[in-house]
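The block underneath contains the structure these notes are about, expressed in structure tokens.
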2 protein chains.
Amino acid sequence: MATIREVADIAGVSVATVSRTLQQPERVSPKTRARVTSAIEQTGYKPNLMAVKFRSGKTHSLVVLVPTIANLFFARVINGMQEAAAERGYSLLLGNTQGNPDLEADYVKMVQTSQADGVIQLRAHNPFSAMQSSSGGLLPMVNVCEVVDSASFPTVTLDNHNAAKSMTEHLLELGHTRIGLIKGPNSSPLTQERLRGYQHALANADIPFDESILFDGDFTLRSGFDAARRMLEQPNRPTALFCENDETAIGAMQALKQAGLKIPEDISVAGFDDIAFSGYADPPLTTIAQPAEEFGHTAVSLLVDVLNGKIKKAPRVIMPHELIVRNSTGPAPGTNA
Amino acid sequence: MATIREVADIAGVSVATVSRTLQQPERVSPKTRARVTSAIEQTGYKPNLMAVKFRSGKTHSLVVLVPTIANLFFARVINGMQEAAAERGYSLLLGNTQGNPDLEADYVKMVQTSQADGVIQLRAHNPFSAMQSSSGGLLPMVNVCEVVDSASFPTVTLDNHNAAKSMTEHLLELGHTRIGLIKGPNSSPLTQERLRGYQHALANADIPFDESILFDGDFTLRSGFDAARRMLEQPNRPTALFCENDETAIGAMQALKQAGLKIPEDISVAGFDDIAFSGYADPPLTTIAQPAEEFGHTAVSLLVDVLNGKIKKAPRVIMPHELIVRNSTGPAPGTNA
DNA sequence: ATGAAAGCGCTAACAT
DNA sequence: ATGTTAGCGCTTTCAT
């Protein structure tokens, strides 16, 4: 592979001129520029970007910490990140962390070892927390989707409380008074917020909160299926089931249908996220849509601003959501609506 | 951030000794090793990996070219890659290419600019083809899942022909004689192979091939839905529908059920891939399971071997598949099986 | 067992 | 407008 020196020799100029021709062409005369360009073509020269990054101290790479890549919502967010990163001349390094703090710490080391400029964390956990706490300034990271509050980095999230409240109100309006909830992992703040939004709507409607119709889940199809089965074993079953994500809802619907229940005639089911499969579920799933790609754009944009020192105080960005009513929710049995 | 020089100064040794302590500890005496180690801890020194990579000429990064990250099958393959890469001290750079050759070429430049050591391509296209054709030796790449035959790189794939043939035979055994097929993108060799496997099984059963029950699709939910609708508009509809992937099958089932058909009583539906949703579809989908994670392992392992010069001739690896019979396929209407 | 010194390929002052 | 030169932080002969 040709180096900058060979190009310089062939063009009969110094390496500095070659470098300039590449970095700031306007600073070299058209004549020499042409000579250099032709020498570059002739040799098939490609700058060694490892040397460039090393020398310049900027890698133009961002590490993305994602609990699991096999999640359609995250996939959309990451797609958005990639678009925004490419526009800004950055590339993305994906780290599948399974939510493991040790793995996250490993990836964060990439920043400390100058392999990446910053990190985007998709989970509610500060991966820098194990290290030296930042003395004052902003950390080179942003936290998206599932966030933890901190003055050290920007966050981009949904108003999960209000979104869950809207969905619960939708169910309430349909006449449901006994609404079950399949939660996400208890460790996730997102789960807590959605739970509180649900409780809030219930309280507004003067419906007592019944802990016995709260079910544990972990955002997977299987956990939704299992939770619904547990629900069916109970007496006095709910007439509506709010699931904290779509995968859970789709798993739950399967269990409900297997038990001979009709959706939404016998029981309504609602999800959260609006993944592609939800529109093709049977019946199509009522859910909350989030601007996934926008989450990605915003995260990258903020991180780049942080890296360039354009941001001093860490902003808290709230993205909009939308209630999507499809056929999995309907009037409560016995209601004539 | 501390450099190797500071550590050397504090430990009272040369930079070479610090480097050795890190690279080949056995070559430095226990006493100095202890001093160096303590100096490293004291300064919180982390080697600048950009400098290491630059100096050593090895990046220990692999670019993965994936048409779309929002595909559950690919997600599993990538998970497998990540495991195998981590074991070998490599990290993965994901490139979402939308199957765009220009974007692919951009990512391939990362190899040429020393930002990555090799590439794993998940699509049937040689991303190096635009560049100088390799003069003889192996290219630093492996081609997985959807492959193009070439002597320049290893490939890892399924026996798509036989897998499709098995599925068609399964349908034939259930008494179906009119079996529709929803294809993948025509540009994909994978589509062609599956089509030929289907034709092969039909021919073996002396059933004439009817082009009018072949439908175009592109592996998305929506395309499956649309294709099934087109099928329903035709006279003499098939009693079974083989879809070249699970997303398409799930989309198709939705259209079929909306039209009032019972699956599998009125029509059988089969897919390909065995994504998680297939087990939770209504009815659960009969499909072909592929060892997705294993594809990833094998790909990384082969690529690392190529990079280390351990492989001279490009192997063609065929991964095993398995027919998973669930409830979306059943006896042809009118059969008593 | 350890140190001195020469670069890897490039950028960025500083000179001319 | 162009060239000279001094490194970036590290690895790696080659001496000692």
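In what follows, every chain begins at residue 1, and chains take the letters A, B, ... in the order their sequences are listed. On a predicted model such as this, the values are computed, not experimentally measured, just so you know.
Between the P atom of D:dT4 and the CG atom of A:D9 lies a distance of 11 Å, rounded to the nearest Å. Rounded to a whole Å, the CZ atom of A:R20 is 12 Å from the C1' atom of C:dT16. In this structure, B:L49 atom CG and D:dG9 atom C1' are separated by 11 Å, rounded to whole Å. When the P atom of C:dA5 is taken as reference, atom CZ of B:R5 falls 11 Å away, rounded to whole Å. The NZ-P distance, from B:K58 to C:dC8, rounds to 17 Å in whole Å. Atom P of nucleotide D:dC10 and atom CE of B:M50 are separated by 13 Å, given to the nearest angstrom. As rounded to whole Å, 8 Å separates atom P of D:dC10 from atom CZ of A:F54. We find that CD of A:E6 is positioned 11 Å from C1' of C:dG9, with the value rounded to whole Å.
At the heavy-atom level, A:T3 lies under 4.0 Å from the strands shown only through sugar-phosphate atoms. Counting any heavy atom pair closer than 4.0 Å across all strands shown, A:S114 reaches no nucleic acid atom.
Phosphate proximity of C:dT2 to B:T17: absent, as no side-chain N or O sits under 4.0 Å from OP1 or OP2. Residue B:T32 places no side-chain N or O under 4.0 Å from the OP1 or OP2 atom of C:dA1. Within the structure, every side-chain polar atom (N or O) of B:S19 is placed at least 4.0 Å from both OP1 and OP2 of D:dT12.
The shortest non-hydrogen separation linking A:S114 to A:T59 is O-CG2, 3.0 Å. Taking all atoms of both residues into account, the shortest heavy-atom contact from B:M50 to A:Q115 is SD-CA, 4.0 Å. The two residues B:V111 and B:P140 come nearest to each other via the heavy atoms CG1-CG, 4.1 Å.
For A:A16, counting side-chain heavy atoms from C-beta on, the closest listed nucleotide (D:dG9, C:dA4, C:dA12) is C:dA12. Taking the side chain of B:P47 as heavy atoms from C-beta on, and the options D:dA1, D:dT4, D:dC10, the nearest nucleotide is D:dC10.
Although no hydrogens or angles enter the test, the distance criterion places a donor-acceptor pair under 3.5 Å between the side chain of B:N143 and the main chain of B:V148. Although no hydrogens or angles enter the test, the distance criterion places a donor-acceptor pair under 3.5 Å between the side chain of B:D117 and the main chain of B:H60.
Nucleotides of DNA chain D nearest to B:I4 and A:R27 differ in position, and the one nearer the 5' end is that of A:R27.
Not a single donor-acceptor pair, N or O on each side, falls under 3.5 Å between the base of D:dG9 and the side chain of A:R55.
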